[in-house]
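Data block below; observations after.
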Amino acid sequence: MSNAPTSESRAPLAALDPSLYTIDDEALEFMKALTGIQDPEALKQHIIAVQAEAYAVFPYHCIRSFSFMNLKLGRLPAYQQLLTLGKERKGAVFLDIGCCFGNDIRKAVYDGYPVQNVVASDLHPEFWELGHKLFRSTPETFPVPFVAGDAFDPAHLATVPPFYTPPDTSVPESSTLTSLNPLRGHVSAIHASSFFHLFDEEQQFQLAQAVAGLLSPEPGSMILGAHGGRKEKGYRTETGTQLRVGRKGPMFCHSPESWTELWDGQIFKKGTVKVDAVLRESQRKDLESVPGVPSGVKSYWLVWCITRL
């Protein structure tokens, strides 16, 4: 997550609600394996305790709703493509931007992505530290470099045109990174879930430009993720009082068509990337009984992958 709004622009803070806690079988087994906590109730209390600390850092909706437990990356259609890239391309750098606790990159490493090629980034270093608490790890047992910074700060991530030929710089040693800028043109895979929808349309365009400048020009390099979407691009007014995370006003959402047009032709030269984008209906328990939200309203996730040709 990045570019958090100021306190003056935040929407009213919703209280934490333990009844929203949910974890499916896959995530449960994953958490048991990484934390060593085998009792489901003890694990639940451990997760809720870390959730409360994280919500005090910044009240993102995905923290309150426990959606951070969903292992989004592992459920993306392009996940196996990512794992194959990590295994077959030597030194394939994998960046998780807006990583929060680092759940998704931990899953990728657990499933075989080379840990030495992984980099994590978020605006809030506290989330990364709480990730170690959540998964009972340390920087020694999970040695992934974390680079704190605002994705809209040029000192952290400057906007440059996409690379169509290999950059004339060498791949930096990940442990030396203090910003993402040295990675320009060197990243083989970028994951960005629950990230773009934090921002309005213009900011999403700016963010897409900046992220694209990091991607390697080598065919097969990819950017993948999932976030709030709509059948037609625009503001998600249909969920009534459901706001953009931490901000006043509704969330801006792309449609599969507008997301495809953005990347294939506006961000990258037309025909140089393949864009896969689909909508998936989302079950929103957290919206039940919320004043102003119509009963039975449908909410969608935009699930997507951009691959260089």
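The analysis underlying the following values was restricted to heavy atoms, covering all of them including side chains, and did not include hydrogens, waters or symmetry mates. Given the structure is predicted, the values throughout are model-derived calculations rather than measurements.
- Scored by the salt bridge (Lys or Arg N to Asp or Glu O under 4.0 Å) test, Lys269 finds no partners at all (sequence neighbours excluded).
- When all heavy atoms are compared, the tightest approach of Val303 to Pro77 is CG1-CD, 3.5 Å.
- Of all heavy-atom pairs spanning Met251 and Gly228, the tightest one is SD-CA, 4.1 Å.
- Contacts classified as side-chain hydrogen bond (donor to acceptor under 3.5 Å, both in side chains) and involving residues 33-47 (residues at least two apart or in different chains) are given here: Glu41-Gln45.
- Annotation for Ile267 and Phe205: closest pair CD1-CE1, 3.7 Å, computed over non-hydrogen atoms.
- Test Asp122, Ile190, Val187 against Ile97 for side chain to side chain contact (heavy atoms under 4.5 Å, CB included) and you get one pass: Ile190.
- With hydrogens and angles ignored, the 3.5 Å screen pairs no side-chain donor or acceptor of Glu53 with any backbone N or O of Leu130.
- Legend: residues meeting side chain to side chain donor-acceptor pair (under 3.5 Å) with Trp259, ordered by chain and number and at least two apart, are absent.
- By the 6.0 Å contact criterion, NZ on Lys274 is open, its count of non-hydrogen atoms from other residues, nucleotides or ligands being 12 or less.
- Among pairs with a residue in residues 160-181, those fulfilling side-chain hydrogen bond (donor to acceptor under 3.5 Å, both in side chains) read Thr169-His186, at least two apart in sequence or across chains.
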Does the side chain to side chain contact (heavy atoms under 4.5 Å, CB included) test come out yes or no for Phe163 and Ser216, once each step is laid out? CA-CA 7 Å; Phe163 286 80; Ser216 165; over 6 Å; no
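- Contact check for Phe252 versus Arg230: no side-chain heavy atoms found under the 4.5 Å cut-off.
- Between Lys270 and Asp264 there is a salt bridge, since a side-chain N of the basic residue sits under 4.0 Å from a carboxylate O of the acidic one.
- Ring planes of Trp304 and Phe196: perpendicular class, angle over 60° (limits at 30 and 60°).
- Checked by atom type and distance alone, the side chain of Asp104 pairs as donor or acceptor with a backbone atom of Leu73 at under 3.5 Å.
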Anything under 3.5 Å between a donor and an acceptor, one on a side chain of residues 136-149, the other on a protein residue two or more places apart or in another chain? List them.
{"residue": "Ser137", "atom": "OG", "partner": "Arg106", "partner atom": "NH1", "Å": "3.0"}
{"residue": "Ser137", "atom": "OG", "partner": "Arg106", "partner atom": "NH2", "Å": "3.1"}
{"residue": "Ser137", "atom": "OG", "partner": "His132", "partner atom": "ND1", "Å": "2.7"}
{"residue": "Thr138", "atom": "OG1", "partner": "Glu140", "partner atom": "N", "Å": "3.2"}
{"residue": "Thr138", "atom": "OG1", "partner": "Glu140", "partner atom": "OE1", "Å": "3.4"}
{"residue": "Thr138", "atom": "OG1", "partner": "Thr141", "partner atom": "N", "Å": "3.0"}
{"residue": "Thr138", "atom": "OG1", "partner": "Thr141", "partner atom": "OG1", "Å": "3.3"}
{"residue": "Thr141", "atom": "OG1", "partner": "Thr138", "partner atom": "N", "Å": "2.8"}
{"residue": "Thr141", "atom": "OG1", "partner": "Thr138", "partner atom": "O", "Å": "3.3"}

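- With sequence neighbours excluded, no residue satisfies salt bridge (Lys or Arg N to Asp or Glu O under 4.0 Å) with Asp153.
- A heavy-atom distance below 4.5 Å is not found between the side chains of Lys233 and Cys253.
- At a cut-off of 3.5 Å, with distance as the only test, no side-chain donor of Tyr235 or Asp200 sits close to an acceptor on the other residue.
- For Glu257, there are no salt bridge (Lys or Arg N to Asp or Glu O under 4.0 Å) partners two or more places apart in sequence or in a different chain.
- Residues meeting the side chain to side chain donor-acceptor pair (under 3.5 Å) test with Ser258, sequence neighbours left out: His254, Ser255.
- One finds the CG atom of Asp96 at 8.0 Å from the OG atom of Ser193 (value rounded to the nearest 0.5 Å).
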Do Met222 and Leu85 pass the side chain to side chain contact (heavy atoms under 4.5 Å, CB included) test, and can you show the C-alpha distance, the side-chain angles, and the key distance before you say yes or no? CA-CA 9 Å; Met222 61 193 297; Leu85 183 65; 4.1 Å; yes
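- Remark: Glu26 pairs with Arg75, Lys107 by the salt bridge (Lys or Arg N to Asp or Glu O under 4.0 Å) rule, at least two apart or across chains.
- Legend: ring-ring contact (aromatic ring centres under 6.0 Å, His included) pairs involving residues 102-123, not counting sequence neighbours, sorted by first then second residue: Phe30-Tyr110, Phe94-Tyr113.
- Glu129 meets the side chain to side chain donor-acceptor pair (under 3.5 Å) test with no other residue; sequence neighbours excluded.
- With contacts defined as side-chain heavy-atom distances shorter than 4.5 Å, the pair Met31/Ile23 qualifies.
- Partners of Gln116 by side chain to side chain donor-acceptor pair (under 3.5 Å), not counting sequence neighbours: none found.
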Does the ring pair (Phe, Tyr, Trp, His ring centres under 6.0 Å) test come out yes or no for Tyr60 and Tyr55, once each step is laid out? CA-CA 7 Å; Tyr60 286 110; Tyr55 203 61; 9.4 Å; no
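- Here the options are Leu123, Leu180, Asp150, the test is side chain to side chain contact (heavy atoms under 4.5 Å, CB included), and the partner is His156; only Leu180 passes.
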Test log, rule side chain to side chain contact (heavy atoms under 4.5 Å, CB included), inputs Gln81 and Thr307: CA-CA 10 Å; Gln81 179 184 338; Thr307 306; 3.2 Å; yes
